[in-house]
A.B. asks: 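My questions will all concern the structure given below.
One-based numbering, in listed order, for ligands and for the atoms of each.
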Amino acid sequence: MRKKMVKMDKLVLSPIKINNIELKNRIIFAPTSLGLSHEETVEKYRSIARGGVAMIIVGDVPVSKRGFLSMYNRKMAKHYQDIIDAIHSEGALACAQLHSSDSKFTSLIKYIPLVLIKKMTPNDLRNKLNESVPHYISTLSLKKVKEIISNFGDAAEKATQLGFDCVQVHGDRICGSFSSSIMNFREDEYGGSPENRAKFAVACVSAIRKKCPNITIDYKLAVRQEKPHYGNAGVIEEEIKVFVPLLEKAGVNSFHVALANHGELEDTIPPVNHPYFKEQGCFLKFADEVKKYTNLPICGVGCLEKPEFIEEQLQNHRIEMAAMSRQLIADSQWVNKVKNNEETSIHTCVRCNQKCLKGMQAHKGVHCIYEGRAS
Ligand SMILES: Cc1cc2nc3c(=O)[nH]c(=O)nc-3n(C[C@H](O)[C@H](O)[C@H](O)COP(=O)(O)O)c2cc1C
Ligand code: SF4
């Protein structure tokens with residue numbers, strides 16, 4: 001049988017160096033909380049790494065030193081190490097998405113019985129949690145603010161000790177809420193002007209840079225859109241010019257640009273019939289805006305599925321990397337298929353959200369309608 005020619009001329013398959021790491025190609029598995037058991041999670045990451053991606057961003061790694069999901073908890077440390085080993089064994093890099101919560105879950109415990117008797121949906125509970133964010137951010141004591149900032153630095157060090165190759169600062173949790181004029185009503189140096197609202201995120205990045213001088217820091221910049229309004233945390237498009245240079249100066253090495261959250265999850269993970277975000281690369285217009293204010297590599301995310309479309313965006317220098325969540329859940333072999341000229345056999349994500357997002361929301365874990373089909 002004639003051996004298939006490997007397409008190495010494609011930009012999507014070419015390496016890129018970012019600070020002290022080299023991505024073997026331009027495809028990244030976007031941060032995706034999987035809601036699966038330990039064994040299933042490790043195997044899911046292994047299969048995505050085996051499919052040829054350059055890097056996997058492990059979603060929502062808390063910086064807190066307490067709590068059952070903390071990296072400082074021995075069981076969780078082992079969980080992350082098993083994930084990292086699986087990713088490395090298949091030749092990909094592992095990045096920890098560092099985040100800190102921006103609300104007090106304990107204040108919502110009173111609603112749990114209502115959820116249990118189905119008088120309230122898990123989505124209602126999530127909305128209540130989102131509603132509590134402005135109060136939490138605006139009243140957090142300065143002592144606590146400094147403690148969380150310092151936790152980011154310590155967490156980056158801990159992540160590298162566990163074996164992560166780099167970190168992403170999640171700009172859509174506490175960093176995004178401090179950044180947002182509709183979440184942050186503080187009257188001290190962390191509130192008010194865009195420069196002040198940027199101070200918390202900038203301090204988190206600086207704390208990481210100070211603790212780990214050589215580490216590669218990616219920043220997930222969450223952008224809020226007005227006209228029409230989508231997303232609540234993060235920065236509005238007009239503020240990108242303030243935030244991006246400040247974050248770069250603090251030590252960020254690359255940006256990952258997406259729509260801000262703290263609203264409907266289906267806006268940041270848009271289904272095929274979304275009223276506004278339904279085009280391929282639906283959030284790339286935010287990346288275009290970021291590009292005006294930095295020369296650092298930019299990773300696009302959001303409804304990126306088709307190899308030709310992604311190649312075109314790379315060739316046009318709109319983005320330097322492409323991150324995908326659902327497309328790689330639908331077909332972990334995406335990169336290998338592109339390499340082997342087998343694009344037509346890619347299971348294209350149809351953005352139904354049926355088994356991935358809805359699987360997670362139903363506490364069944366992230367799955368896909370394509371599961372069980374021959375690859
Ligand atoms: C099931 C699921 C879980 C997700 N978990 C996270 C997460 O932990 N952190 C994060 O920043 N984004 C998370 N996302 C958002 C993705 O990173 C991505 O931005 C979004 O899905 C749009 O990309 P896509 O069209 O390639 O799916 C999640 C998405 C899905 C589908
Ligand atoms: S369940 Fe639907 S939206 Fe989710 S990954 Fe599979 S095809 Fe895509």
A.B. asks: Using the benzene-type ring in the case of Trp, are the ring centres of Y230 and H274 under 6.0 Å apart?
C.D. replies: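 Yes; H274 has its ring centre under 6.0 Å from that of Y230.
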A.B. asks: Starting from atom 27 (O) of ligand 1, find the nearest protein heavy-atom neighbour and note its residue, name and distance.
C.D. replies: R326 NE, 2.8 Å
A.B. asks: I'd like to know if atom 2 (Fe) of ligand 2 has an N/O/S atom from C352 within less than 2.8 Å of it, counting both backbone and side-chain atoms.
C.D. replies: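 Yes, within the cut-off.
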A.B. asks: To check your reading of the model: name the closest protein heavy atom to atom 8 (Fe) of ligand 2, its residue, and the distance in Å.
C.D. replies: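 Checked against all protein heavy atoms, atom 8 (Fe) of ligand 2 sits closest to C349 SG, 2.5 Å.
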A.B. asks: Which one holds for I329 and ligand 1: side chain close, backbone close, both close, or neither close, with close meaning a heavy atom under 4.0 Å?
C.D. replies: neither
A.B. asks: Does ligand 1 have an atom under 4.0 Å from some heavy atom of A258?
C.D. replies: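 Per 4.0 Å heavy-atom rule, A258 does not contact ligand 1.
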A.B. asks: Using heavy atoms and a 4.0 Å limit, tell me yes or no: is D172 in contact with ligand 1?
C.D. replies: no
A.B. asks: Nearest protein heavy-atom contact for atom 6 (Fe) of ligand 2: which residue, which atom, what distance?
C.D. replies: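 Heavy-atom neighbour on the protein nearest atom 6 (Fe) of ligand 2: C368 SG, 2.4 Å.
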A.B. asks: What do we get for P31 next to ligand 1 when only non-hydrogen atoms under 4.0 Å count, side chain, backbone, both or neither?
C.D. replies: both
A.B. asks: May I ask you to list the atoms of ligand 2 that are less than 4.0 angstrom from any heavy atom of N353?
C.D. replies: 2 (Fe), 3 (S)
A.B. asks: Taking only heavy atoms of I369, which atoms of ligand 2 are found under 4.0 Å from at least one of them?
C.D. replies: 1 (S), 6 (Fe), 7 (S)
A.B. asks: Do me a favour and list the nearest non-hydrogen protein atom to atom 19 (O) of ligand 1 with residue, atom name and distance?
C.D. replies: V301 CG2, 3.7 Å
A.B. asks: What atoms of ligand 2 come closer than 4.0 angstrom to any heavy atom of R351?
C.D. replies: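 Reading through ligand 2 atom by atom, the close ones are 3 (S).
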A.B. asks: Run the numbers for me: atoms of ligand 2, each under 4.0 Å from some heavy atom of R326, listed by number.
C.D. replies: 5 (S)
A.B. asks: Does M324 reach ligand 1, in the sense of a heavy atom lying below 4.0 Å from it?
C.D. replies: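 Distance cut 4.0 Å: M324 passes for ligand 1.
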A.B. asks: Specify side chain, backbone, both or neither for R351, according to which of its non-hydrogen atoms lie closer than 4.0 Å to ligand 1.
C.D. replies: neither
